[in-house]
Amino acid sequence: MADENTNEVVAPVEGAEAAPTEGRGPGRGRGNRGGGDRNRGERGGRGRRDDRRGGNRDEEQGEELIEKLVHINRVSKTVKGGKRFGFAALVVVGDGKGRAGFGHGKAREVPEAISKATAAAKKAMVRVPLKEGRTLHHDGLGHFGAGKVTVRSAPAGTGIIAGGPMRAVFESLGVADVVTKSNGTSNPYNMIRATFAALGEQTSPKSVAQRRGKKVADLLRRGGASADVAQADAEAIAE
């Protein structure tokens, strides 16, 4: 009787242990493999999307930009227990083909401040129409705070007649001939902002003609030029 009871008890236990093990084992294996594949697929998908985004960023930043460090200043912040020192950088960035921008960045170290200012300048780039790709179309005035600047177009061979902060703007912009004058302040921040205010008012004859519904040659003839000269100048104008 003892043997029969033992057999009856042991047989169901062995069967019960074997059945669930066979049923759960492959299921868990398939589930884990499936989950792993899905996770790998998701990671792979995110990686591909990141690669595409990275590729677009590389293409956008693939163009060579001219970076000019205009000013760097040591700043401090008074905190409990003393002062915390840092650096502030002012950077001008341009592509040399009519686009430029400026940015400001602060950090505990100089390289990090410059990188922050450069990133801000790239985001704030604006396009300025240039005459013959070398100078401005017309004179302009810029004002910001106590800074007042005057910019004038110049004939070929004049060069960049400008002070330090303003020179950095025109070199990065791609202007080869320009005459400028700054009045009121020597603060580089105000000078840069006043210069960009003057450049923001620049317009080309082509844009004015489109806005007024006229031909470029008609606008140029109002300056006293002959029809042939006005037509030739109109054909040579390009933003």
Side-chain angles (χ1 to χ4, degrees), residues 60-61 63-75 86-107 110-208 211 237-239:
E60 293 175 359
Q61 299 177 0
E63 58 181 354
E64 296 182 0
L65 298 178
I66 303 172
E67 301 177 3
K68 299 284 185 180
L69 177 61
V70 177
H71 183 70
I72 189 163
N73 188 32
R74 183 178 147 185
V75 297
F87 296 91
L90 177 63
V91 174
V92 175
V93 173
D95 62 354
K97 301 176 183 179
R99 293 178 67 236
F102 73 96
H104 172 250
K106 291 195 296 184
V110 174
E112 187 177 356
I114 294 175
S115 63
K116 286 183 178 180
T118 303
K122 291 179 180 179
K123 293 180 181 179
M125 293 180 70
V126 296
R127 179 169 294 280
V128 179
L130 300 179
K131 180 180 180 181
E132 300 175 359
R134 61 171 185 82
T135 188
L136 303 177
H137 282 285
H138 56 82
D139 301 348
L141 299 175
H143 178 268
F144 185 89
K148 299 178 182 179
V149 300
T150 303
V151 295
R152 292 185 175 183
S153 59
T158 302
I160 300 177
I161 311 299
M166 298 178 67
R167 173 177 289 272
V169 174
F170 291 109
E171 287 180 352
S172 60
L173 189 63
V175 175
D177 305 297
V178 67
V179 177
T180 67
K181 178 64 178 176
S182 174
N183 297 312
T185 184
S186 60
N187 187 320
Y189 291 90
N190 287 346
M191 290 179 65
I192 291 291
R193 289 186 171 94
T195 302
F196 274 92
L199 295 176
E201 298 178 356
Q202 288 289 315
T203 57
S204 66
K206 184 177 180 180
S207 62
V208 174
R211 185 168 63 250
I237 288 177
E239 299 218 3

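Atom set for the values below is all heavy atoms of this structure, side chains included, hydrogens, waters and symmetry mates excluded. What you see is a predicted model, and the numbers here were worked out from it, not measured in a lab.
In terms of heavy-atom proximity, A121 sits nearest to V93 at CB-CG2, 3.7 Å. Nearest approach of S172 to A100, heavy atoms of both residues: OG-CB, 4.2 Å. Closest approach of A168 to V92, counting heavy atoms only: O-CG1, 4.0 Å.
The side-chain heavy atoms of I66 and E171, taken from C-beta on, include no pair separated by under 4.5 Å. Using a 4.5 Å cut-off on side-chain heavy atoms (C-beta onward), T150 and D139 make no contact. Using a 4.5 Å heavy-atom threshold, the side chains of E67 and K122 count as touching.
Under a 3.5 Å cut-off, the side chain of K116 and the backbone N or O of K106 do form a donor-acceptor pair. Side chain of D95 to backbone of L65: no donor-acceptor contact under 3.5 angstrom is found.
Atoms OG1 and CZ, on T185 and F144 in that order, are 11.0 Å from each other to the nearest 0.5 Å. A distance of 8.0 Å separates NZ in K148 from CG in N183, rounded to the nearest 0.5 Å. Of the inter-residue distances, the one linking L173 atom CG with R127 atom CZ reads 9.5 Å to the nearest 0.5 angstrom. Here L130 contributes atom CG and T135 contributes atom OG1; the two are 8.0 Å apart, rounded to the nearest 0.5 Å. Atom OG1 of residue T180 and atom CZ of residue R167 lie 8.5 Å apart, to the nearest 0.5 angstrom. With values rounded to the nearest 0.5 angstrom, M166 atom CE is found 11.0 Å from I160 atom CD1.
Residue L90 is tested with I72, L69, I114, I192 for a side-chain contact (heavy atoms from CB on, under 4.5 Å); the sole match is I192.
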Set out, in order, the CA-CA distance, both residues' side-chain angles and the distance that settles side-chain contact (heavy atoms from CB on, under 4.5 Å) for K131 and S153, then state yes or no. CA-CA 9 Å; K131 180 180 180 181; S153 59; 5.8 Å; no
query = Is there a side-chain contact (heavy atoms from CB on, under 4.5 Å) between Q202 and H137 once you walk through the steps?
reply = CA-CA 7 Å; Q202 288 289 315; H137 282 285; 4.2 Å; yes
- Step by step, work out the side-chain contact (heavy atoms from CB on, under 4.5 Å) result for V169 and L199. CA-CA 10 Å; V169 174; L199 295 176; 3.8 Å; yes
Note to self: Walk me through whether T158 and V179 qualify under side-chain contact (heavy atoms from CB on, under 4.5 Å).
What the structure shows: CA-CA 8 Å; T158 302; V179 177; 4.0 Å; yes
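Between F196 and F102, the angle of the ring planes lies from 30° to 60°, which puts this pair in the tilted group.
Applying the 6.0 Å contact sphere to CZ of R152 captures no more than 12 heavy atoms from other residues, nucleotides or ligands.
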